[in-house]
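Numbers restart at 1 for each chain; the letters A, B, ... are given by sequence-line order, proteins then strands.
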Number of protein chains: 2
Amino acid sequence: MGKHVLLYGLLCGILIAALKLIEYRWLMVEYSVEIYGGLVATVFACLGIWIGLKLTRPPRHTETVVMREVVVPAPANFVRDEARLATLGITPRELKILELIAEGLSNKEIAARAFVSENTVKTHSSRVFDKLGARRRTQAVQLGKEFRLIP
Amino acid sequence: MGKHVLLYGLLCGILIAALKLIEYRWLMVEYSVEIYGGLVATVFACLGIWIGLKLTRPPRHTETVVMREVVVPAPANFVRDEARLATLGITPRELKILELIAEGLSNKEIAARAFVSENTVKTHSSRVFDKLGARRRTQAVQLGKEFRLIP
DNA sequence: GCATACATCATCCAAAAGGATGATTTTGCG
DNA sequence: CGCAAAATCATCCTTTTGGATGATGTATGC
């Protein structure tokens with residue numbers, strides 16, 4: 001900011017000098033005042049715009065640490081779309097796996113939690129991906145939420 | 001915007017009239033040119049600042065509404081938790097990547113959509129995983145939603 | 001001028017995920 | 001009982017993802 005003020009001062013100085021010069025040369029000429037005024041007006045308008053822009057540029061990192069604990073908008077009113085579930089032909093086990101995937105668990109963790117082998121988890125997830133038309137687990141989660149199969 | 005231009009024109013008109021008046025009254029007085037110039041400079045500088053501020057003020061409704069057939073579980077009233085974003089130190093770019101991950105895109109697809117290399121996407125995602133405390137992208141999405149960083 | 005933050009890209013390596021396929025066991029139902 | 005759907009597990013192979021680290025360029029702040 002200090003640099004800007006300095007620059008501003010310098011510019012003003014140069015301007016004043018320039019104006020003095022113009023003044024001495026053109027003061028006698030007709031319409032000199034109008035030209036002079038116009039010049040001053042233009043230059044200062046530009047300068048003003050520049051300053052305005054500088055002033056409003058927000059500082060990059062003004063850490064306004066305001067802790068604000070907000071309860072997550074829990075999907076309390078979640079109702080599973082059983083119809084869609086049926087039309088897609090997704091089995092209960094596959095849905096369970098999808099839910100666990102949505103919780104951000106790895107296949108290994110899901111296997112541990114569901115008391116099955118990791119291979120089984122992979123089979124279920126592959127099937128559910130097929131049925132959802134997903135190619136990745138993140139996509140499966142996205143689609144699962146869209147279809148209201150998982151909260 | 002049109003309103004602003006009109007207002008600007010009107011102001012200029014009034015100003016010119018005022019200047020004419022001043023001119024006729026004070027042109028004879030000594031130092032009149034200096035005073036005149038100073039006045040013009042001040043007024044136009046203020047005007048410039050005002051215009052600069054107007055220009056940088058983000059317009060209220062720049063967002064182009066694009067209809068999407070995807071009707072996700074109505075996050076109609078989603079408000080990003082900027083405070084949390086700041087405390088976690090997640091940068092805009094990282095947030096963008098997180099959003100694209102949540103849409104179920106692969107790193108390659110994200111790279112294509114964000115016009116960067118896949119390596120860059122991986123860097124951003126790694127950073128955002130670190131900051132979120134996630135080990136997988138599904139987990140990152142889950143946490144991102146919990147923290148209200150993404151819809 | 002120098003330190004910092006941010007964004008960008010790269011390389012190497014390991015772990016996880018995904019696709020294809022086949023086999024075995026459970027379970028529900030006519 | 002016998003069948004079919006569902007669930008379970010495995011193997012092989014490819015792709016994706018994640019971790020660690022370093023380099024470069026560009027702003028910005030002090």
Side-chain angles (χ1 to χ4, degrees), chain A residues 1-7 53-65 85-144, chain B residues 85-144:
Chain A
M1 200 59 207
K3 209 172 70 179
H4 292 155
V5 172
L6 256 159
L7 204 66
L53 289 173
K54 274 287 164 209
L55 282 177
T56 48
R57 181 150 328 163
R60 191 73 90 112
H61 215 48
T62 318
E63 296 253 357
T64 318
V65 182
L85 211 53
T87 59
L88 291 175
I90 294 175
T91 69
R93 206 65 176 140
E94 287 162 359
L95 181 62
K96 186 69 195 164
I97 300 300
L98 180 60
E99 278 174 357
L100 295 174
I101 287 176
E103 283 184 35
L105 302 179
S106 71
N107 285 341
K108 196 171 297 190
E109 290 168 339
I110 293 172
R113 193 176 297 196
F115 305 108
V116 293
S117 83
E118 192 180 334
N119 285 314
T120 303
V121 174
K122 287 177 70 174
T123 303
H124 285 316
S125 62
S126 275
R127 285 194 196 287
V128 90
F129 292 170
D130 258 6
K131 290 170 182 176
L132 282 172
R135 309 181 65 72
R136 281 166 291 284
R137 41 177 57 212
T138 45
Q139 200 180 359
V141 170
Q142 219 268 332
L143 291 169
Chain B
L85 211 54
T87 58
L88 290 176
I90 293 175
T91 69
R93 207 65 176 139
E94 288 162 359
L95 180 62
K96 185 71 197 162
I97 300 300
L98 179 60
E99 281 174 356
L100 294 175
I101 286 176
E103 285 184 34
L105 302 178
S106 71
N107 285 340
K108 197 171 295 188
E109 291 168 338
I110 293 172
R113 195 177 293 196
F115 305 108
V116 294
S117 83
E118 194 179 334
N119 285 314
T120 304
V121 175
K122 288 178 67 176
T123 303
H124 285 316
S125 61
S126 275
R127 285 193 195 289
V128 91
F129 292 170
D130 258 6
K131 290 170 182 176
L132 282 172
R135 312 182 124 275
R136 281 165 291 285
R137 41 177 59 212
T138 44
Q139 200 181 358
V141 170
Q142 218 267 331
L143 291 169

Side-chain contact test, heavy atoms from C-beta onward, threshold under 4.5 Å: evaluate it for [X] versus [Y] and give yes or no.
X: A:F129; Y: A:L143; result: no
X: A:L105; Y: A:I101; result: no
X: B:R137; Y: B:N107; result: yes

Could you state the atom-to-atom distance from [atom1] of [X] to [atom2] of [N] in whole Å?
X: A:Q139; N: D:dT16; atom1: CD; atom2: C1'; answer: 14 Å
X: B:L105; N: D:dT17; atom1: CG; atom2: C1'; answer: 15 Å
X: B:I110; N: D:dT15; atom1: CD1; atom2: P; answer: 19 Å
X: B:I97; N: D:dG18; atom1: CD1; atom2: C1'; answer: 15 Å
X: B:E94; N: C:dA5; atom1: CD; atom2: P; answer: 13 Å
X: A:K96; N: D:dT8; atom1: NZ; atom2: C1'; answer: 18 Å
X: B:E109; N: D:dT15; atom1: CD; atom2: C1'; answer: 13 Å

- Item | Residues forming a side chain to side chain donor-acceptor pair (under 3.5 Å) with B:S125, sequence neighbours excluded | none
Using modelled atom types only, decide if a donor and an acceptor are shared between the side chain of [X] and the backbone of [Y] within a distance under 3.5 Å.
X: B:T120; Y: B:V116; result: no
X: A:E94; Y: A:I90; result: no
X: B:K131; Y: B:G89; result: yes

- Candidates D:dA7, C:dA7, C:dG19 - which lies nearest the side chain of A:T91: D:dA7
- Task: Respond yes when some side-chain nitrogen or oxygen of A:H124 is under 4.0 Å from OP1 or OP2 of D:dT8, and no when none is.
- Result: yes
- Task: Take the C1' atoms of the five end pairs on each side of the helix from C:dG1-D:dC30 to C:dG30-D:dC1, derive the two axes, and give their angle rounded to 10 degrees.
- Result: 50°
- Message: With a 4.0 Å cut-off on N to O distance, would you call A:R113 and A:E103 a salt bridge?
- Response: yes
- Message: Please determine whether a side-chain nitrogen of the Lys or Arg among A:R135 and B:E109 lies less than 4.0 Å from a carboxylate oxygen of the Asp or Glu.
- Response: no
- Pick the nucleotide of DNA chain C nearest each of B:T138 and B:A114; which residue has the one closer to the 5' end? B:A114
What's touching nucleotides 9-16 of chain C from the protein side, N or O pairs under 3.5 Å?
from	atom 1	to	atom 2	distance (Å)
C:dC9	OP2	B:S117	N	2.8
C:dC9	OP2	B:T120	OG1	2.8
C:dC9	O5'	B:T120	OG1	3.4
C:dC9	N4	B:T123	OG1	3.0
C:dA10	OP2	B:N119	ND2	3.4

